[in-house]
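Everything below concerns the one structure shown next.
FYI, side chains are in, hydrogens and waters are out, and symmetry mates aren't considered; it's all heavy atoms of this structure.
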Amino acid sequence: MPALYDTIGKGYANYRRPDPRIAAALMAALGNARTVLNVGAGAGSYEPVDREVIAVEPSEIMIRQRRGRSAPIVRASAMDLPFRDNTFDAALAIFTVHHWPDQKRGLSELKRVAPRAIILTWEPPETPSWLTRDYFPEVLADGRNLLPPIASHYETAFDRIEVLAVPVPSNCTDGFLEAYWQRPESYFDPGKRGAISAFANVDTAPGLARLRRDLDDGTWMHRNGHLLELEALDLGYRIVIGKSAP
């Protein structure tokens, strides 16, 4: 993962700005946790500012983009966290688990260092969005390979889990994969695509060509115009709260 983000992460902080509605859901999930370990912390998006936080991030490029108010950071891997058991009240992992080379071990590490883990992830839905259905099906296939169903993946990692849906606002400020579901022109911006790891190993040219054609001839609007009336949409993003037995 460090190599990937050392390549794609150079302008990451410009496009991956925390959305306040998603941030509020994450803070609610943290509950009364006072000490938090932010694993795969990147540039510090969604990092609590009202709690004692230590961040873990392997990519030097991402570390350099952390702003002055960011939490102290340790350069380390999620698979080998350099902390004692139950050091923290909660562990936070935002859009990072799919990058871990050994997800089972990484989740075990979250459980070891904190009795509560808050994980923001994507579970590719059975009914895909227009983006992955019509233009980038390889991204959907990769997502299903890297992100197994939450029930089977996380229930085996923790003693108990709670799963919360995270609808994506139409004007979402965090530029993750499906953030621009109501703004299809955004996917032509190379900076925005470059801040989406799902596109890192995909030849986007064919999909972008199809999208350009469908926008120009009205096909996209015919298929998806009803989405323009919505303020938010459930696209498979989930907060998983993993809990350890007392």
Side-chain angles (χ1 to χ4, degrees), residues 1-19 22 40 42-43 45 58-62 64-65 94-101 103 120-148 166-228 230 232-238:
M1 188 174 73
L4 173 64
Y5 275 92
D6 284 346
T7 301
I8 73 169
K10 294 179 181 178
Y12 199 82
N14 295 327
Y15 299 98
R16 301 300 299 271
R17 292 170 290 126
D19 184 273
I22 297 175
S45 290
S59 168
E60 182 63 31
I61 291 293
M62 299 302 289
R64 290 176 190 170
Q65 295 179 71
I94 307 297
F95 290 139
T96 181
V97 172
H98 57 291
H99 292 301
W100 298 352
Q103 294 185 22
L120 179 58
T121 188
W122 181 50
E123 184 174 54
E126 289 297 319
T127 303
S129 71
W130 60 263
L131 180 71
T132 58
R133 180 192 66 215
D134 299 332
Y135 306 106
F136 301 105
E138 59 271 60
V139 169
L140 181 65
D142 286 347
R144 286 175 172 162
N145 287 332
L146 292 171
L147 294 157
V166 183
V168 182
S170 59
N171 59 348
C172 185
T173 59
D174 187 351
F176 50 80
L177 176 64
E178 301 270 19
Y180 307 111
W181 59 270
Q182 205 180 78
R183 297 165 285 172
E185 293 281 354
S186 296
Y187 292 101
F188 296 105
D189 183 332
K192 290 176 179 176
R193 291 199 313 277
I196 298 172
S197 64
F199 289 137
N201 298 311
V202 170
D203 178 6
T204 58
L208 290 173
R210 290 193 296 272
L211 179 56
R212 180 76 278 160
R213 178 199 65 205
D214 288 352
L215 287 169
D216 290 345
D217 69 13
T219 299
W220 186 93
M221 181 61 71
H222 176 72
R223 291 173 178 165
N224 307 298
H226 62 285
L227 299 178
L228 302 182
L230 304 179
L233 188 62
D234 185 350
L235 292 161
Y237 292 93
R238 299 289 183 265

Report the distance from atom [atom1] of [X] to atom [atom2] of [Y], rounding to the nearest 0.5 Å.
| X | Y | atom1 | atom2 | answer |
| --- | --- | --- | --- | --- |
| Met221 | Asp214 | CE | CG | 12.0 Å |
| Tyr187 | Lys192 | OH | NZ | 10.0 Å |
| His98 | Asp142 | NE2 | CG | 10.5 Å |

Please find the pair of heavy atoms, one from [X] and one from [Y], that lie closest to each other, and give the distance.
| X | Y | value |
| --- | --- | --- |
| Pro184 | Trp130 | CB-CH2, 3.6 Å |
| Thr204 | Phe136 | O-CE2, 3.7 Å |
| Phe188 | Leu208 | CE2-O, 3.4 Å |
| Val202 | Ala198 | CG2-O, 3.5 Å |
| Gln182 | Leu230 | NE2-O, 2.8 Å |
| Ala195 | Tyr15 | CB-CB, 3.8 Å |

- Heavy-atom neighbours of His226 NE2 exceed 12 at 6.0 Å: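 Buried by this count: over 12 neighbours within 6.0 Å.
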Below 4.5 Å, heavy atoms only, C-beta onward: do [X] and [Y] meet side chain to side chain?
| X | Y | answer |
| --- | --- | --- |
| Trp220 | Leu211 | yes |
| Leu131 | Leu235 | no |
| Leu215 | Glu185 | yes |
| Thr121 | Leu147 | yes |

- Item | Test salt bridge (charged side-chain N to carboxylate O under 4.0 Å, His left out) applied to Asp234 - qualifying residues, sequence neighbours left out |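 Salt bridge (charged side-chain N to carboxylate O under 4.0 Å, His left out) check on Asp234 returns Arg238.
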Enumerate, atom names and distances included, each donor-acceptor pair closer than 3.5 Å involving a side-chain atom of residues 167-178, sequence neighbours excluded.
| unit_1 | atom_1 | unit_2 | atom_2 | d |
| --- | --- | --- | --- | --- |
| Ser170 | OG | Glu231 | O | 3.4 |
| Asn171 | OD1 | Arg21 | NH1 | 2.8 |
| Asn171 | OD1 | Arg21 | NH2 | 3.1 |
| Thr173 | OG1 | Arg17 | O | 3.3 |
| Thr173 | OG1 | Pro18 | O | 3.1 |
| Thr173 | OG1 | Asp19 | N | 3.4 |
| Asp174 | OD1 | Arg16 | NE | 2.6 |
| Asp174 | OD2 | Tyr46 | OH | 2.8 |
| Glu178 | OE1 | Ser129 | OG | 2.9 |
| Glu178 | OE2 | Ser129 | OG | 2.9 |

- Task: For Val139 and Ile196, run side chain to side chain contact (heavy atoms under 4.5 Å, CB included): C-alpha distance rounded to whole Å, both residues' side-chain angles, the deciding distance at 0.1 Å, then the answer.
- Result: CA-CA 11 Å; Val139 169; Ile196 298 172; over 6 Å; no
- Is Arg212 salt-bridged to Asp216, going by a charged N under 4.0 Å from an acidic O?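 Counted as a salt bridge, because a side-chain N and a carboxylate O are separated by less than 4.0 Å.
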- Query: Is any NZ, NE, NH1 or NH2 atom of the basic residue among Glu123 and Arg144 found under 4.0 Å from an Asp or Glu carboxylate oxygen of the other?
  - Reply: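 Salt bridge: no.
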